[in-house]
Structures are given as structure tokens and as C-alpha cells.
Amino acid sequence: QVQLVESGGGLVQAGGSLRLSCAASGRTISIYGMGWFRQAPGKEREFVAAITWGGGRTVYATSVKGRFTISRDNAKNTVYLQMTSLKPEDTAAYYCATRTGRTAGWNAGDYDYWGQGTQVTVSS
């Protein structure tokens, strides 16, 4: 199994920045990629960004492309989500997840383990 712990959420004004972290432990050797998803109240969980563990290949949702950057530190088994130019519509609980399958990374159904989530609130 893989355990995930997110951190870095908080309250920020529109236009501000936050960096989320997700530390993985356990059977991390099985990880092919990691991703970030978010879920706002009353809405479905949506894909934000994903990265492959080995090659560092990234993919982003259109809504965050150019504003968010996903990266990883293999030595620390940690993935980051740098969020800039935040908008009120970015407000949501953010979850990181891991997958073992060699998939594109945007489909939540491809992920095996999930963190508990960290809240991001962007005020206008």
C-alpha cells in the first residue's frame, strides 16, 4: 500500500499563490505517476494535473494550464503543485493520488491511492 499526506492548503486572495505538497510512503516503488484532483462543494471531482514518476512527463487541465505547475522530488517521494494567479473558482479540496498503471493520468479511475485532501480557499 501507499500512504499519502497532503499539506500546504489555506486561504489566499485572488491573484495570490500557494504550493501544495504530497508526501508518499509505503510501497512507493510501485508508483508510475501521481496526480492532483480537486472537488468543490456540490461538484464532481475534477482532474488538475499529473506527472510520471520516472520521466517527469506532465499533463494539465485546460483550466489551470499556465498557472499551475506540478513537479516531483523522487528522493523525498514528494509531489508538489505550485499554484499561481489563483482565482475564486480554484476554491476546492485538493487531493493527491498515485497510480501504478501506465495511463495518461487525467482519469480519476486510474488511481489506486488517495490522500485525505487539503482545502484551498481563494477570496475575491
Side-chain angles (χ1 to χ4, degrees):
Q1 288 193 348
V2 176
Q3 294 78 41
L4 302 169
V5 178
E6 301 107 329
S7 61
L11 174 64
V12 64
Q13 288 188 334
S17 301
L18 280 176
R19 189 178 81 154
L20 306 183
S21 300
C22 176
S25 61
R27 199 170 182 272
T28 57
I29 194 172
S30 66
I31 297 174
Y32 172 74
M34 295 184 71
W36 288 96
F37 291 77
R38 66 187 182 186
Q39 187 168 19
K43 294 188 177 181
E44 294 186 353
R45 187 169 297 189
E46 65 172 353
F47 170 73
V48 176
I51 189 168
T52 59
W53 209 237
R57 186 170 65 251
T58 59
V59 60
Y60 295 91
T62 302
S63 60
V64 307
K65 195 174 295 184
R67 299 188 298 122
F68 292 8
T69 302
I70 189 171
S71 61
R72 89 274 191 235
D73 184 331
N74 294 60
K76 296 182 178 180
N77 288 328
T78 298
V79 66
Y80 304 98
L81 185 68
Q82 179 68 48
M83 305 184 294
T84 63
S85 301
L86 282 162
K87 306 174 182 179
E89 51 263 43
D90 294 318
T91 295
Y94 283 71
Y95 300 87
C96 71
T98 66
R99 69 188 192 277
T100 57
R102 295 178 178 269
T103 59
W106 52 264
N107 185 355
D110 291 337
Y111 288 80
D112 309 294
Y113 298 100
W114 293 80
Q116 81 287 353
T118 185
Q119 180 66 35
V120 171
T121 303
V122 184
S123 62
S124 58

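Numbers here are sequence positions counted from 1.
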Those residues that, when tested against N74, pass side chain to side chain donor-acceptor pair (under 3.5 Å) (two or more places apart)
R72

R57 and Y32 have their tightest heavy-atom pair at NH2-OH, 3.0 Å

Euclidean distance, S124 OG relative to K87 NZ, rounded to 0.5 Å
14.0 Å

Partner residues of R45 under the salt bridge (Lys or Arg N to Asp or Glu O under 4.0 Å) criterion, sequence neighbours left out
none

In short, L81 meets A49 closest at the heavy-atom pair CD1-CB, 4.2 Å

Testing the basics here: between Y60 and T69, what is the closest heavy-atom pair and its distance to 0.1 Å?
OH-CA, 3.4 Å

Q1: partners by side chain to side chain contact (heavy atoms under 4.5 Å, CB included), with sequence neighbours left out
Q3, Y113

To the nearest 0.5 Å, how far apart are CG in N77 and CD1 in I29?
10.5 Å

Could you go through residues 17-25 and list every donor-acceptor pair under 3.5 Å that involves a side-chain atom there, pairing it with any protein atom two or more places apart or in another chain?
none

Hydrophobic cluster of V59, others only, ordered by chain and residue number, side-chain cut-off 4.5 Å
F37, F47, Y95, W106, Y111, W114

Sequence neighbours excluded, the answer for side chain to side chain contact (heavy atoms under 4.5 Å, CB included) partners of K76 is D73, T78, Y80

Contacts of Q82 meeting side chain to side chain donor-acceptor pair (under 3.5 Å) (sequence neighbours excluded), chain-then-number -> none

Under 4.5 Å side-chain linkage, directly or through intermediates, the cluster mates of L11:
none

Is the backbone N or O of V122 less than 3.5 Å from a side-chain atom of T91, with the two atoms forming a donor-acceptor pair by type?
yes

Restricting to salt bridge (Lys or Arg N to Asp or Glu O under 4.0 Å), what partner residues turn up for D90, sequence neighbours left out?
R38, R67

Find out whether L86 and F68 are in side-chain contact, i.e. whether some heavy atom of one side chain is under 4.5 Å from a heavy atom of the other.
yes

Can you check whether M34 reaches L4 side chain to side chain, under 4.5 Å on heavy atoms?
yes

Partner set under salt bridge (Lys or Arg N to Asp or Glu O under 4.0 Å) for R99, not counting sequence neighbours:
none

Does anything in residues 26-37 form a salt bridge (charged side-chain N to carboxylate O under 4.0 Å, His left out)? List the pairs, not counting sequence neighbours.
none

Between W53 and I31, the two heavy atoms sitting closest are CB-O, 3.9 Å

For G101, does its backbone N or O pair with a side-chain atom of D110 as donor and acceptor, under 3.5 Å?
no

Taking atom OG1 of T58 and atom CD1 of I70, what is their separation to the nearest 0.5 Å?
8.0 Å

Please report the closest heavy-atom contact between V2 and S30, naming both atoms and the distance.
CG2-OG, 4.2 Å

Exam field: side chain E6 to backbone G117, donor-acceptor pair closer than 3.5 Å
yes

Strictly by disulfide (SG to SG under 2.5 Å), give each pair with a member in residues 40-95 just once, sequence neighbours left out.
none

